Protein chains: 2
Amino acid sequence: MSSSAYKTIESRFSEISLMGEIMEALSWDQEVYMAEGSVESRAAQLAWLSGRAHELLTRPDWEDLLGEADAHSDSLTHWQQANLREARREWIHAAALPGKLVEALTLATSRGEVAWRNARNEDDFSIFVPHLKKILELTRETAVLKADALDTTPYNALVDQFQPGLTTHTIDLVFDSLKDFLPGFLIEVQHAQNISKDDVAFKKSYSGRKQEELSLRIMDIMGFDFKRGRLDISAHPFTTGHPLDTRITTAYREHDPLFALTATIHETGHALYELNRPLDWRLQPVGYARGMVVHEAMSLFMEKMVALTPEFIQFITPVMQKVFGNFAELSFEHLYQVTRQVRPGYIRIEADEVTYPLHVILRYELELLLLDDKLKVEDIPEAWNDRMNEYLGIRPPGNAKGCLQDIHWAHGAFGYFPCYTLGAVMASQLFADLNEVYSTTSVDIQQGRFTGIVDWLKERIYDRASLLPFDDLVHAVSGQSISTEPFIKHLRERYAV
Amino acid sequence: MSSSAYKTIESRFSEISLMGEIMEALSWDQEVYMAEGSVESRAAQLAWLSGRAHELLTRPDWEDLLGEADAHSDSLTHWQQANLREARREWIHAAALPGKLVEALTLATSRGEVAWRNARNEDDFSIFVPHLKKILELTRETAVLKADALDTTPYNALVDQFQPGLTTHTIDLVFDSLKDFLPGFLIEVQHAQNISKDDVAFKKSYSGRKQEELSLRIMDIMGFDFKRGRLDISAHPFTTGHPLDTRITTAYREHDPLFALTATIHETGHALYELNRPLDWRLQPVGYARGMVVHEAMSLFMEKMVALTPEFIQFITPVMQKVFGNFAELSFEHLYQVTRQVRPGYIRIEADEVTYPLHVILRYELELLLLDDKLKVEDIPEAWNDRMNEYLGIRPPGNAKGCLQDIHWAHGAFGYFPCYTLGAVMASQLFADLNEVYSTTSVDIQQGRFTGIVDWLKERIYDRASLLPFDDLVHAVSGQSISTEPFIKHLRERYAV
């Protein structure tokens with residue numbers, strides 16, 4: 001019977017999701033508190049869990065179960081049908097790969113990460129070359145197998161792992177438009193701005209304790225529920241969790257109070273998505289977050305669209321003065337100037353809104369060439385530096401600040417980079433809609449009232465989880481496809497002074 | 001083939017132990033960092049893991065596997081034979097109970113813990129009565145089934161869960177001897193001591209940060225490896241872990257720097273045992289710690305036998321002065337006086353070395369009566385208070401400070417209490433041996449040198465893990481059975497002034 005097949009699918013996913021939650025909790029601990037010498041045992045624990053989850057998701061009877069459930073899908077509710085669609089997608093991704101390939105990729109990336117770290121520390125790309133070759137070879141194999149199973153292109157199959165439903169068709173539309181606009185706009189902004197490095201520096205010392213106080217305060221203001229989560233410190237800020245337990249991390253830089261503040265706001269944007277996914281759907285695929293583009297849209301919506309407005313800076317200025325002291329460098333004028341700064345730099349994660357997409361486009365273009373075997377691994381540094389020069393007008397002084405800066409390829413995460421910029425584009429679409437619907441948004445922001453904004457996101461994004469496919473969700477929330485128009489308009493308004 | 005049956009047993013235990021490690025990591029997080037609203041998801045995660053572990057340990061083919069391995073045990077090494085013996089014991093405990101009983105007990109104790117907390121907060125035993133009745137009934141059932149499987153008495157079967165091989169025969173020998181000696185000795189000491197509450201109070205304020213500094217310092221001095229573990233804070237100090245990841249917690253009381261110090265030393269005693277179990281045996285039953293008596297012996301050895309010596313106080317006095325400041329109340333004389341104080345009190349966990357065993361004996365006697373149905377749950381308060389009066393000469397002002405103070409019965413942990421005092425007795429046997437073998441021990445302690453002491457424990461206890469049964473281990477390390485003689489001698493020497 002269909003209902004029994006469908007019920008079995010639901011019950012298996014409850015178990016698979018529970019294993020996922022456990023893996024997230026253990027990984028969080030590894031990043032935040034675990035001692036370095038415990039790596040071996042933690043790796044064994046995680047390997048055991050992911051092995052069990054993979055085993056359950058690739059049992060030989062899945063195809064029959066899904067087929068049976070599909071055949072009787074008219075007896076399923078709309079929600080169940082969506083859940084079945086997402087369950088099938090999860091199964092396709094898992095079942096497409098033979099166990100040996102999964103193991104080989106796990107091994108290659110865990111060795112690759114070590115090599116990448118060494119290569120970056122030594123600024124010696126050659127250390128990473130043989131590892132990246134191996135990872136690339138296995139990733140290509142993965143892409144081909146998944147492409148076949150998903151009936152799409154290999155690169156789309158990789159992207160689908162991170163943002164289901166996103167394809168190079170959409171990515172190219174967005175990136176072509178941004179490549180047309182950004183380089184010229186960047187020169188324009190740089191000419192208009194006349195900010196020296198000294199103008200945007202902080203000279204006071206900001207203690208971790210006080211920065212933490214500010215971080216906790218802004219999380220509270222944004223509506224983070226501390227009964228179901230917490231804030232900690234890690235080398236790279238991140239968010240992990242689910243509606244009952246979501247944790248973010250931040251990092252404190254002594255001479256830059258804005259680093260932690262913006263990181264915390266960014267991660268809280270992710271966290272609000274996780275915390276507000278429908279509780280009852282938590283362990284079913286339809287209840288998962290809709291993908292990494294949407295997740296990045298949620299974090300960038302808070303970090304860039306909201307927190308870089310003059311209204312937010314007006315709001316946060318006295319809050320910062322109260323926490324840290326009434327320093328001149330914490331004046332509205334100075335904070336505003338610092339946050340307005342546009343400056344080409346080598347490092348993606350330190351880039352401003354204008355230059356960030358160019359970092360991403362560069363990586364996307366190289367990924368495609370690498371997967372198509374049109375660029376050799378050995379030739380990455382030159383290709384990287386040439387493009388940096390072409391898009392941003394600067395040439396990295398070494399590979400540590402160039403093609404070795406990101407961990408993604410060492411992790412085999414080809415296809416991930418586009419999510420950042422698609423997320424930024426989606427965030428600006430959402431923010432434009434919000435301002436159209438609620439004329440009071442800027443007043444809300446100026447007064448530090450996030451309830452209306454969060455409720456609006458809840459209704460449009462959080463509450464829906466994975467009920468709609470990606471394209472449909474974008475349409476449902478903004479009445480159109482992904483479009484760079486609001487993003488470009490936003491950049492013009494904010495930076496073309 | 002025996003070797004194949006034995007190999008299967010080993011491989012299953014690797015998996016079971018890994019699940020145990022994961023459960024420990026999740027439970028640690030729950031006690032230390034998890035937000036209160038995440039309880040439901042964590043409970044589901046832990047239930048799933050313990051379900052899988054129980055399932056694997058109670059597969060129907062275990063009896064055949066163990067039988068086959070036993071039949072060919074002459075082809076096994078001595079180590080493998082010991083591992084097989086411990087594996088069988090683990091299986092017997094798991095397989096003795098039907099799944100329904102395990103579930104019923106889990107449910108009753110998780111509800112019981114909530115009720116116990118309320119009852120204690122309200123100082124109202126009646127809230128706890130129906131829960132404790134249910135827990136007791138299910139524990140009795142458990143005890144009878146395990147007694148049958150282990151061929152022993154029901155109470156021994158319960159004790160065996162915590163300290164394999166320990167029986168009421170040994171417990172009674174020890175407790176009878178202590179009941180003979182302690183009440184009279186207590187009166188003697190109290191007459192001799194003339195310490196007012198004011199004499200042993202601290203008046204300065206001790207910040208958590210500085211207390212943490214002291215805790216980390218003493219852990220380091222004792223040989224705790226921070227590359228494989230950490231220190232955190234929790235309501236009740238505890239230790240959890242294994243050779244690759246062992247974590248302890250402590251608690252800071254503003255006006256009592258000795259509370260955290262002794263708690264940290266106690267937990268470090270546990271931690272050194274876990275960290276020093278043979279790494280390669282980590283996931284096999286023969287590699288587990290030998291039981292809770294031995295574990296308590298390891299912690300009390302450090303906390304009571306070593307850290308309450310005048311030599312240790314001489315060593316720690318200047319360390320404390322350096323961390324906190326040169327306060328008069330941190331003089332050797334004052335610290336010595338505080339640690340020498342013997343005073344009957346209501347609370348077990350705050351009791352001194354002389355009165356502590358009487359708290360334990362009281363609980364042991366009531367447990368036996370309860371399990372034999374010779375004492376009704378409703379009558380516990382009266383029985384408790386009468387015995388407190390008889391053994392310690394005081395009567396609790398309410399049940400919160402009487403029979404509601406401990407969580408053990410709410411957890412269904414009948415049979416655990418004796419481990420504390422047997423551990424104290426074993427610790428004094430070990431310390432007497434150490435002093436006989438190494439005449440330099442007191443000089444080592446006075447100079448804060450723990451290497452010799454830890455190496456000695458490593459050779460005798462840590463390295464052996466569960467290679468020997470409990471009685472054999474006691475014999476091997478001290479040349480005799482558990483005996484109260486060294487303990488009584490120790491109390492006389494330390495307190496009869």
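Worth saying up front: this structure is predicted, and the values here are computed from it rather than measured. Just so we're on the same page: letters track the sequence lines, and every chain starts at 1. FYI, side chains are in, hydrogens and waters are out, and symmetry mates aren't considered; it's all heavy atoms of this structure.
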Output, in order, the C-alpha distance, side-chain angles, deciding distance and verdict of side chain to side chain contact (heavy atoms under 4.5 Å, CB included) for L457(B) and L272(B). CA-CA 9 Å; L457(B) 288 174; L272(B) 290 171; over 6 Å; no
Could you please show the donor-acceptor pairs under 3.5 angstrom between chain B and chain A, with distances rounded to 0.1 Å?
{"unit_1": "E15(B)", "atom_1": "OE2", "unit_2": "W48(A)", "atom_2": "NE1", "d": "3.0"}
{"unit_1": "E21(B)", "atom_1": "OE1", "unit_2": "Q45(A)", "atom_2": "NE2", "d": "2.7"}
{"unit_1": "D29(B)", "atom_1": "OD1", "unit_2": "R247(A)", "atom_2": "NH1", "d": "2.8"}
{"unit_1": "D29(B)", "atom_1": "OD2", "unit_2": "R247(A)", "atom_2": "NH1", "d": "3.4"}
{"unit_1": "D29(B)", "atom_1": "OD2", "unit_2": "R247(A)", "atom_2": "NH2", "d": "2.8"}
{"unit_1": "Y33(B)", "atom_1": "O", "unit_2": "R230(A)", "atom_2": "NH1", "d": "3.2"}
{"unit_1": "G37(B)", "atom_1": "N", "unit_2": "K227(A)", "atom_2": "O", "d": "2.7"}
{"unit_1": "S38(B)", "atom_1": "OG", "unit_2": "L244(A)", "atom_2": "O", "d": "2.7"}
{"unit_1": "Q45(B)", "atom_1": "NE2", "unit_2": "E21(A)", "atom_2": "OE1", "d": "2.8"}
{"unit_1": "W48(B)", "atom_1": "NE1", "unit_2": "E15(A)", "atom_2": "OE2", "d": "3.0"}
{"unit_1": "K227(B)", "atom_1": "O", "unit_2": "G37(A)", "atom_2": "N", "d": "2.7"}
{"unit_1": "R230(B)", "atom_1": "NH1", "unit_2": "Y33(A)", "atom_2": "O", "d": "3.1"}
{"unit_1": "L244(B)", "atom_1": "O", "unit_2": "S38(A)", "atom_2": "OG", "d": "2.7"}
{"unit_1": "R247(B)", "atom_1": "NH1", "unit_2": "D29(A)", "atom_2": "OD1", "d": "2.8"}
{"unit_1": "R247(B)", "atom_1": "NH1", "unit_2": "D29(A)", "atom_2": "OD2", "d": "3.4"}
{"unit_1": "R247(B)", "atom_1": "NH2", "unit_2": "D29(A)", "atom_2": "OD2", "d": "2.8"}

Test side chain to side chain contact (heavy atoms under 4.5 Å, CB included) on I218(A) and I265(A); report intermediate values, then the result. CA-CA 7 Å; I218(A) 191 65; I265(A) 292 171; 3.8 Å; yes
Taking C-beta and beyond as the side chain, do L244(B) and L279(B) meet within less than 4.5 Å on heavy atoms? yes
Least distance between heavy atoms, A235(B) atom then A251(B) atom: O-CB, 4.2 Å
Of the backbone (N, CA, C, O) and the side chain (C-beta and beyond), which part of M34(A) lies under 4.5 Å from a heavy atom of chain B, both, or neither? both
What pair of heavy atoms forms the shortest contact from L216(A) to F226(A), and how long is it? CD2-CE2, 3.7 Å
Under 4.5 Å from any heavy atom of chain A - which part of L283(B): neither
Please classify the contact between L46(A) and chain B as side chain, backbone, both or neither, with a heavy-atom cut-off of under 4.5 Å. neither
Would I248(B) and F238(B) satisfy side chain to side chain contact (heavy atoms under 4.5 Å, CB included), going step by step from the backbone distance to the final call? CA-CA 6 Å; I248(B) 74 167; F238(B) 70 94; over 6 Å; no
Contacts of A104(A) that satisfy side chain to side chain contact (heavy atoms under 4.5 Å, CB included) - sequence neighbours left out: L138(A)
